[in-house]
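Working notes, beginning with the structure itself.
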Amino acid sequence: MSFKFPFFKNKQNIKDDHFASDNIPNHVAIIMDGNGRWAKKRGLPRIAGHKEGMDVVKKIVRAASKCNVKILTLYAFSTENWKRPKSEVEYLMKLPKEFLHIYLPEMMENNVRIETIGDFDALPDHTRKAVQYAKDQTKGNDGLLLNFALNYGSRFEIMRAVKQLMADIDSSELSMDTVDENTFSEYLYTKGLSDPDLLIRTSGEQRLSNFLLWQVAYSEFWFTDVLWPDFSEEIFKTALQDYQQRKRRYGGI
Ligand code: IPE
Ligand code: IPE
Ligand code: MG
């Protein structure tokens with residue numbers, strides 16, 4: 001048997017056969033909140049919570065793949081998070097590189113494709129390079145789409161879409177008469193992605209914090225008091241099972 005470098009292992013889609021396979025949300029979005037409070041409770045610096053949260057990301061990516069979720073969008077850094085102390089922001093900007101350094105081989109093995117939404121160009125060089133590398137490496141994978149919302153803000157996204165759409169109307173690339181909701185969606189970072197079916201927020205806060213305002217118009221919401229570093233595959237499955245029981249009416253009867 002020859003030695004195989006992890007990158008060249010056969011890709012496989014992992015499966016959870018014990019999980020009811022009907023009515024699985026196609027797209028799950030998560031507001032991963034509570035890292036700071038988790039650390040504070042233990043007398044640790046806030047960044048210790050972010051580090052712990054990183055390992056949970058890996059577990060939930062695996063769980064989502066196993067449950068046959070197709071898209072997992074994770075809110076990792078908002079356009080408002082720049083307001084935090086410089087040292088915390090610097091740490092958060094280093095985390096993607098650290099995460100990918102440890103877990104990219106496993107993502108490759110599990111056929112995960114990595115993408116981002118948000119103002120990518122405004123990220124520090126080192127963050128952008130690490131994430132771009134991961135996007136390039138995984139672009140041929142057709143398993144779970146792992147979509148990081150990085151420097152993402154919904155209002156910024158919508159303003160940007162309006163500006164680009166107006167520019168296209170100005171240059172006659174687009175006619176005002178044909179613009180509808182679908183056209184507008186094409187100008188958002190989430191272009192081509194289905195809307196989230198299920199939105200999860202941890203840490204007890206029940207707000208959107210500028211996350212996917214347009215896209216969650218008809219998403220099912222699921223909140224838990226559990227802080228993100230304590231979130232687990234089991235709790236993720238509880239949310240999925242709850243979703244499976246819901247009746248979505250979209251304004252109908
Ligand atoms: C979520 O945890 C991670 C980011 C926003 C980057 P927080 O850092 O917001 O943790 P709390 O809400 O202060 O506990
Ligand atoms: C939302 O959490 C952003 C992320 C999880 C990345 P915040 O902690 O920034 O949200 P607020 O400030 O409590 O609304
Ligand atoms: Mg928070």
Side-chain angles (χ1 to χ4, degrees), residues 27-61 63-64 71-100 102-103 114-120 122-124 126-128 130-131 134 145-159 188-190 193 196 198-216 219 221-232 235-236 239:
H27 183 172
V28 178
I30 308 183
I31 303 175
M32 311 182 287
D33 199 13
N35 294 350
R37 278 164 282 169
W38 183 92
K40 194 173 171 205
K41 264 184 17 191
R42 287 163 179 76
L44 298 168
R46 290 178 57 85
I47 59 171
H50 297 314
K51 188 163 173 56
E52 192 76 16
M54 187 179 85
D55 295 326
V56 179
V57 169
K58 179 234 147 185
K59 285 186 208 155
I60 300 311
V61 169
I71 308 169
L72 181 66
T73 297
L74 300 178
Y75 206 4
F77 193 88
S78 77
T79 47
E80 286 71 37
N81 287 150
W82 296 106
K83 290 180 197 158
R84 295 185 177 200
K86 193 165 170 265
S87 57
E88 183 171 345
V89 170
E90 274 173 6
Y91 185 79
L92 287 168
M93 288 298 144
K94 280 189 205 144
L95 264 191
K97 188 171 175 181
E98 195 173 331
F99 175 82
L100 293 164
I102 305 172
Y103 297 123
I114 295 174
E115 263 303 339
T116 60
I117 53 173
D119 189 5
F120 195 66
L123 292 169
H126 64 93
T127 313
R128 229 181 34 234
V131 177
L145 169 59
L146 173 58
N147 189 27
F148 284 107
L150 206 51
N151 195 18
Y152 175 88
S154 207
R155 288 186 171 179
F156 178 87
E157 175 186 44
I158 291 169
M159 280 311 301
L188 297 172
Y189 289 124
T190 47
L193 302 183
L198 174 63
L199 175 88
I200 297 172
R201 183 168 187 153
T202 60
S203 89
E205 311 298 354
Q206 303 195 357
R207 54 177 171 258
L208 285 175
S209 304
N210 205 9
F211 192 43
L212 302 172
L213 304 182
W214 170 275
Q215 296 88 340
V216 299
S219 305
F221 289 13
W222 195 86
F223 298 106
T224 173
D225 287 341
V226 171
L227 305 172
W228 178 251
D230 291 328
F231 197 71
S232 63
I235 305 169
F236 180 73

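Every number for a ligand or one of its atoms is a count from 1 in the order of the listing. Residue indices begin at 1 and follow the sequence shown. Side chains included, hydrogens not; waters and symmetry mates left out as well; all remaining heavy atoms used.
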Pair E90-K94, salt bridge (charged side-chain N to carboxylate O under 4.0 Å, His left out): steps then yes or no: CA-CA 6 Å; E90 274 173 6; K94 280 189 205 144; 5.6 Å; no
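In summary, the side chains of Y75 and N81 do not present any donor paired with an acceptor at a separation below 3.5 Å, with no hydrogens or angles considered. Looking at T79 and R155, their side chains never bring a donor and an acceptor atom within 3.5 Å of each other.
Using a distance-only test at 3.5 Å, with no hydrogens or angles considered, no donor-acceptor pair links the side chain of N210 to the main chain of G153. R201 places no side-chain N or O within 3.5 Å of a backbone atom of M32 that could act as its donor or acceptor partner. Judged by distance alone, with hydrogens and angles left aside, the side-chain atoms of E157 form a donor-acceptor pair with the main-chain N or O of Y189 at under 3.5 Å. Between the side chain of S154 and the main chain of L213, a donor-acceptor pair closer than 3.5 Å is present.
Backbone and side-chain nitrogen or oxygen atoms of R46 are examined, and one is located within less than 3.5 angstrom of a nitrogen or oxygen of ligand 1. For ligand 2, the polar-atom distance check against S78 finds no nitrogen or oxygen pair separated by under 3.5 Å. Residue contacts with ligand 1: G36 is placed with a nitrogen or oxygen under 3.5 Å of a nitrogen or oxygen of the ligand (distance criterion only). Between R84 and ligand 1, an N or O atom pair is found at a separation short of 3.5 Å.
Looking at A76 against ligand 2, only its backbone comes within 4.0 Å, counting heavy atoms. The proximity of N81 to ligand 1, defined as any non-hydrogen pair under 4.0 Å, is limited to the side chain.
Within the structure, the closest approach of R37 to ligand 2 does not fall below 4.0 Å when heavy atoms are considered. Under a 4.0 angstrom heavy-atom cut-off, A39 registers as lying outside contact with ligand 1. Every heavy atom of S203 sits 4.0 Å or more from the atoms of ligand 1.
Restricting D33 to its N, O or S atoms, the one at the least distance from the Mg ion (ligand 3) is OD1.
Put simply, atom 12 (O) of ligand 2 has no protein non-hydrogen atoms near it, under 4.0 Å away.
The residue among Y75, F211, W228, F148 with a heavy atom at the shortest distance from atom 6 (C) of ligand 2 is Y75. When the heavy atoms of E205, M32, R201 are ranked by distance to atom 2 (O) of ligand 2, first place goes to R201. The option with the heavy atom closest to atom 7 (P) of ligand 1, from among D33, T202, L92, V89, is D33.
Partner of N35 under the side-chain hydrogen bond (donor to acceptor under 3.5 Å, both in side chains) criterion, chosen from H50, K40, E52: H50.
Interface of F77 with ligand 2, defined as ligand atoms under 4.0 Å from a residue heavy atom, comprises 6 (C). Listed by number with element, the atoms of ligand 2 under 4.0 Å from a non-hydrogen atom of R207 are 11 (P), 13 (O), 14 (O). Those atoms of ligand 1 that come under 4.0 Å of a heavy atom in H50, given as number and element, are 3 (C), 8 (O).
Cation-pi geometry between R84 and W82 is not met at under 6.0 angstrom from the ring centre and within 45 degrees of the axis.
Protein heavy atom at the shortest distance from atom 14 (O) of ligand 2 is S209 OG, 2.6 Å.
Within the model, atoms CG of L199 and CH2 of W222 stand 11.5 Å from one another, a figure rounded to the nearest 0.5 Å.
When side chains are defined from C-beta on, K59 does not count as touching S232, because their heavy atoms never get closer than 4.5 Å.
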